[in-house]
K.L.:
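Submitted below is the structure of interest, expressed as structure tokens.
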Number of protein chains: 2
Amino acid sequence: MKFPKIPMAAINRLSIYIRALEELEEQGIKVISSERLAKQCGVNPAQIRKDLAYFGEFGVRGVGYRIEDLIREIKEILGLDRTWNIAMIGVGNLGSALIRHGNFIKHGYVFAAAFDIDPHKIGKRLPNGLIIHHIDDLEKVVKECDIHIGVIATPASAAQSVANQLIIAGVNGILNFAPAQIQVPECCHVENVDFTIKLDSIAYHLSTSGT
Amino acid sequence: MKFPKIPMAAINRLSIYIRALEELEEQGIKVISSERLAKQCGVNPAQIRKDLAYFGEFGVRGVGYRIEDLIREIKEILGLDRTWNIAMIGVGNLGSALIRHGNFIKHGYVFAAAFDIDPHKIGKRLPNGLIIHHIDDLEKVVKECDIHIGVIATPASAAQSVANQLIIAGVNGILNFAPAQIQVPECCHVENVDFTIKLDSIAYHLSTSGT
DNA sequence: TTTGTAAAGTGAATTAAATCACATAAAGGG
DNA sequence: CCCTTTATGTGATTTAATTCACTTTACAAA
Ligand SMILES: NC(=O)c1ccc[n+]([C@@H]2O[C@H](COP(=O)([O-])OP(=O)(O)OC[C@H]3O[C@@H](n4cnc5c(N)ncnc54)[C@H](O)[C@@H]3O)[C@@H](O)[C@H]2O)c1
Ligand SMILES: NC(=O)c1ccc[n+]([C@@H]2O[C@H](COP(=O)([O-])OP(=O)(O)OC[C@H]3O[C@@H](n4cnc5c(N)ncnc54)[C@H](O)[C@@H]3O)[C@@H](O)[C@H]2O)c1
């Protein structure tokens, strides 16, 4: 295959495929066809084959994909053949729930540091052992802990300033939970999570389908 | 305009526009052009005009959009000219953080009931006054409280069974936080929220841009 | 070894979405 | 009252993503 632009949607689907493949592997299944995998993921079989074809040939014609190998290959494509250290900014309601959550570590994401601006929280120790640092120590701690991803769980009003601090500290990947549109330079990649947009979409569907 | 299929992406953008418009309104601005709004939302101006054109004509040529009116119109399009009662299923880490969060009510989403299966939690009262019901009382409570949306915040292993119960209870809108692909009938609309997919996307970008 | 079959890989066709570019309409000033 | 400015609304165009349909290849059974 030549040099195609890879659709972002394809990247996101790779994550979905991994989830399904890991589940199948747990069930002891060794090999799967694009057709069966597609059914499980709710997509078109050709879609799976094309998504994978952007990166190489991973299947065996007439047989299917060896699950163990495919998981490893996709993880390599996505950069998940390593762990990623994450900084949590804003240890409130949501931030502490995320840190407490055990699922991230299973996928190689490690909360390696936490930050807040509230004097009552600074210095406190979280259940998992992390100490809450002052946001002004961000740059120092990011270096020390080799952090590459920042999660913004502050109020929306602080989101842009926190993003700026992250970028100065050399963090180029941001997961933003605040309902704010943050501006970052080219080098930085931001993903936004906004539950209310999802709820709005549900509300739209319920309204238009006569419920 | 005739009868175009409306892209789902357009619906999601309407939510984004509302957020921006509400912010502008707070700043005392009355009227805005598609160009300025587009800048703020990080999209193409023609995109905004086209998205709105699916539903009618809301602007004034040569002038722009009256912000107050446009907010009202978009809310009506999305079905946000009312409140929506929500049931939280699974009052754990994440579920309780969501219930505690004040932002949903501002957008007209009300947590009207909470459910769990853990005997230690059933009957307990949450900070906001809600009592945690047993999941088996779902159908009854859904009727009593006029609930139309269910939020699944249980472990992935319980997600499908909870979804089934929601549908039997007559809930046709589901926001699913569990990392599971749930199957529902045509009449039901599901939105999935999976943070690890977003993290995977960040990892991919960091890996491929030589960081 | 040969042959039948299953399923990956892929160029072509289709479908969908985003953007352009211009005709159109409102507002304001001379 | 007309002319200029401005920004919407939209058909045409471009770009992107998905799906189809066929070719290729590996394997297994005879
Ligand atoms: N909690 C939820 O369920 C939920 C759901 C959707 C969206 N969100 C969004 O996530 C964000 C966090 O929500 P929350 O409920 O945890 O809020 P919260 O108020 O409980 O926590 C916010 C934390 O950020 C800290 N903070 C404020 N400014 C800061 C700064 N400049 N640097 C570092 N820390 C700072 C505060 O001290 C506080 O501890 C908000 O933007 C909210 O809109 C939350
Ligand atoms: N906490 C997070 O930050 C986070 C992040 C991403 C995804 N998730 C996902 O959200 C879900 C919930 O996460 P959590 O951290 O809150 O887990 P949790 O274990 O803290 O809470 C789950 C709750 O669901 C209840 N439950 C289990 N089976 C049930 C059933 N059949 N009916 C009703 N209630 C039931 C449990 O009793 C428990 O109270 C999980 O699927 C998790 O993977 C959580």
Side-chain angles (χ1 to χ4, degrees), chain A residues 1-17 20-21 24 29-74 77 197 201 204, chain B residues 1-17 20-21 24 29-74 77 197 201 204:
Chain A
M1 184 168 265
K2 31 185 211 299
F3 301 104
K5 289 174 296 293
I6 296 158
M8 188 45 49
I11 300 298
N12 289 313
R13 281 190 297 267
L14 291 184
S15 297
I16 311 257
Y17 303 157
L21 290 166
L24 291 163
I29 301 169
K30 298 285 181 216
V31 172
I32 193 163
S33 67
S34 60
E35 186 158 341
R36 286 235 293 131
L37 182 58
K39 182 111 69 78
Q40 175 144 350
C41 298
V43 303
N44 182 296
Q47 181 100 81
I48 292 183
R49 298 199 298 273
K50 187 136 278 190
D51 286 345
L52 293 172
Y54 290 125
F55 302 98
E57 304 193 5
F58 307 114
V60 182
R61 296 182 190 206
V63 178
Y65 299 92
R66 289 210 57 233
I67 289 178
E68 190 188 335
D69 294 351
L70 189 55
I71 289 174
R72 201 187 50 252
E73 295 282 6
I74 297 180
I77 291 166
I197 290 179
S201 167
Y204 171 77
Chain B
M1 185 168 263
K2 25 184 217 297
F3 302 103
K5 291 174 298 294
I6 296 158
M8 187 46 46
I11 300 297
N12 289 314
R13 281 191 296 268
L14 291 184
S15 296
I16 310 258
Y17 303 157
L21 290 165
L24 292 163
I29 300 168
K30 299 283 182 215
V31 173
I32 193 162
S33 66
S34 60
E35 187 160 340
R36 286 236 291 131
L37 182 59
K39 183 110 68 79
Q40 175 143 353
C41 298
V43 302
N44 182 297
Q47 180 100 81
I48 292 183
R49 300 200 295 275
K50 186 136 278 188
D51 286 345
L52 294 172
Y54 289 124
F55 302 99
E57 303 193 4
F58 306 114
V60 183
R61 294 182 189 206
V63 177
Y65 299 91
R66 290 212 55 234
I67 288 177
E68 191 189 333
D69 294 352
L70 188 56
I71 289 174
R72 203 188 46 252
E73 296 282 6
I74 296 180
I77 292 165
I197 290 178
S201 168
Y204 171 76

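Treat the numbers as computed from the prediction; the structure is a model and nothing was measured. By convention in this document, chain letters (A, B, ...) are assigned in the order of the sequence lines, proteins followed by strands, and residues within each chain are numbered from 1.
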K.L.:
Only counting residues at least two apart or in another chain, list the ones meeting salt bridge (Lys or Arg N to Asp or Glu O under 4.0 Å) with B:Arg72.
P.N.:
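B:Arg72: salt bridge (Lys or Arg N to Asp or Glu O under 4.0 Å) contacts with B:Asp69.
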K.L.:
Rounded off to whole Å, could you give me the CD-to-P distance for the A:Glu35 and C:dA6 pair?
P.N.:
11 Å
K.L.:
Give the B/S/- string for nucleotides 23-30 of chain C, one per nucleotide from 5' to 3', where a protein heavy atom under 4.0 Å of the base yields B, of only the sugar-phosphate yields S, and otherwise -.
P.N.:
-BBSS---
K.L.:
Send over the distance from A:Leu52 CG to C:dT10 C1', rounded to a whole Å.
P.N.:
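From A:Leu52 CG to C:dT10 C1': 13 Å.
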K.L.:
Could you go through B:Phe55 and B:Ile6, starting from their C-alpha distance and side-chain angles, then the distance that decides it, and tell me whether this counts as side chain to side chain contact (heavy atoms under 4.5 Å, CB included)?
P.N.:
CA-CA 9 Å; B:Phe55 302 99; B:Ile6 296 158; 3.6 Å; yes
K.L.:
Suppose we screen for side chain to side chain contact (heavy atoms under 4.5 Å, CB included). Which residues come up paired with A:Ile16, at least two apart in sequence or across chains?
P.N.:
A:Cys41, B:Ile197
K.L.:
Holding to side-chain hydrogen bond (donor to acceptor under 3.5 Å, both in side chains), I want the full list of residues that pass it with B:Ser201, two or more places apart in sequence or in another chain.
P.N.:
A:Glu191
K.L.:
I'd like to check the side chain to side chain contact (heavy atoms under 4.5 Å, CB included) partners of B:Glu57; sequence neighbours left out, ordered by chain and number.
P.N.:
none
K.L.:
Stems in DNA chain C: runs of 3 or more consecutive Watson-Crick or G-U pairs, distances under 3.5 Å?
P.N.:
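Looking at DNA chain C, the stems formed by three or more consecutive pairs are C:1-30 with D:1-30.
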K.L.:
Could you work out, with side chain to side chain contact (heavy atoms under 4.5 Å, CB included) as the rule, every residue matching B:Val60, not counting sequence neighbours?
P.N.:
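If we apply the side chain to side chain contact (heavy atoms under 4.5 Å, CB included) test to B:Val60, skipping adjacent residues, the hits are B:Val63.
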K.L.:
Return a single string for nucleotides 13-22 of chain D, one symbol per nucleotide in 5' to 3' order, where B is base contact, S is sugar-phosphate-only contact and - is none, cutoff 4.0 angstrom on heavy atoms.
P.N.:
---SSSBBB-
K.L.:
Among all residues two or more places apart in sequence or in another chain, which pass the salt bridge (Lys or Arg N to Asp or Glu O under 4.0 Å) test with A:Arg36?
P.N.:
none
K.L.:
Nearest whole angstrom, please: distance from the C1' of D:dG9 to the CZ of B:Phe55.
P.N.:
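That distance rounds to 15 Å.
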K.L.:
Output, in order, the C-alpha distance, side-chain angles, deciding distance and verdict of side chain to side chain contact (heavy atoms under 4.5 Å, CB included) for A:Tyr17 and A:Leu70.
P.N.:
CA-CA 9 Å; A:Tyr17 303 157; A:Leu70 189 55; over 6 Å; no
K.L.:
Taking NZ from B:Lys30 and C1' from D:dA7, how many angstroms apart are they, rounded to a whole number?
P.N.:
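That distance rounds to 21 Å.
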K.L.:
Take atom OH of B:Tyr65 and atom P of D:dT6, then tell me their distance rounded to the nearest Å.
P.N.:
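Nearest whole value for this atom pair: 18 Å.
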K.L.:
How would you list all residue pairs meeting salt bridge (Lys or Arg N to Asp or Glu O under 4.0 Å) that involve residues 37-46 of chain B, not counting sequence neighbours?
P.N.:
none
K.L.:
Roughly how many Å is it from CZ in B:Phe58 to P in D:dT10, rounded to a whole number?
P.N.:
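Nearest whole value for this atom pair: 11 Å.
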K.L.:
Taking CD from B:Glu57 and P from D:dA7, how many angstroms apart are they, rounded to a whole number?
P.N.:
18 Å
K.L.:
For B:Ile48 and C:dA17, give me the distance from atom CD1 to atom C1', rounded to whole Å.
P.N.:
16 Å
K.L.:
Please assess B:Tyr65 against B:Leu21 for the test side chain to side chain contact (heavy atoms under 4.5 Å, CB included), listing each intermediate value before the final yes or no.
P.N.:
CA-CA 10 Å; B:Tyr65 299 91; B:Leu21 290 165; over 6 Å; no
K.L.:
A:Arg13: which residues meet the salt bridge (Lys or Arg N to Asp or Glu O under 4.0 Å) condition with it, sequence neighbours left out?
P.N.:
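With neighbours one apart ignored, the set is A:Asp51.
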K.L.:
Just to confirm, is there a sub-4.0 Å distance from OP1 or OP2 of D:dT8 to any side-chain nitrogen or oxygen of B:Ser34?
P.N.:
yes
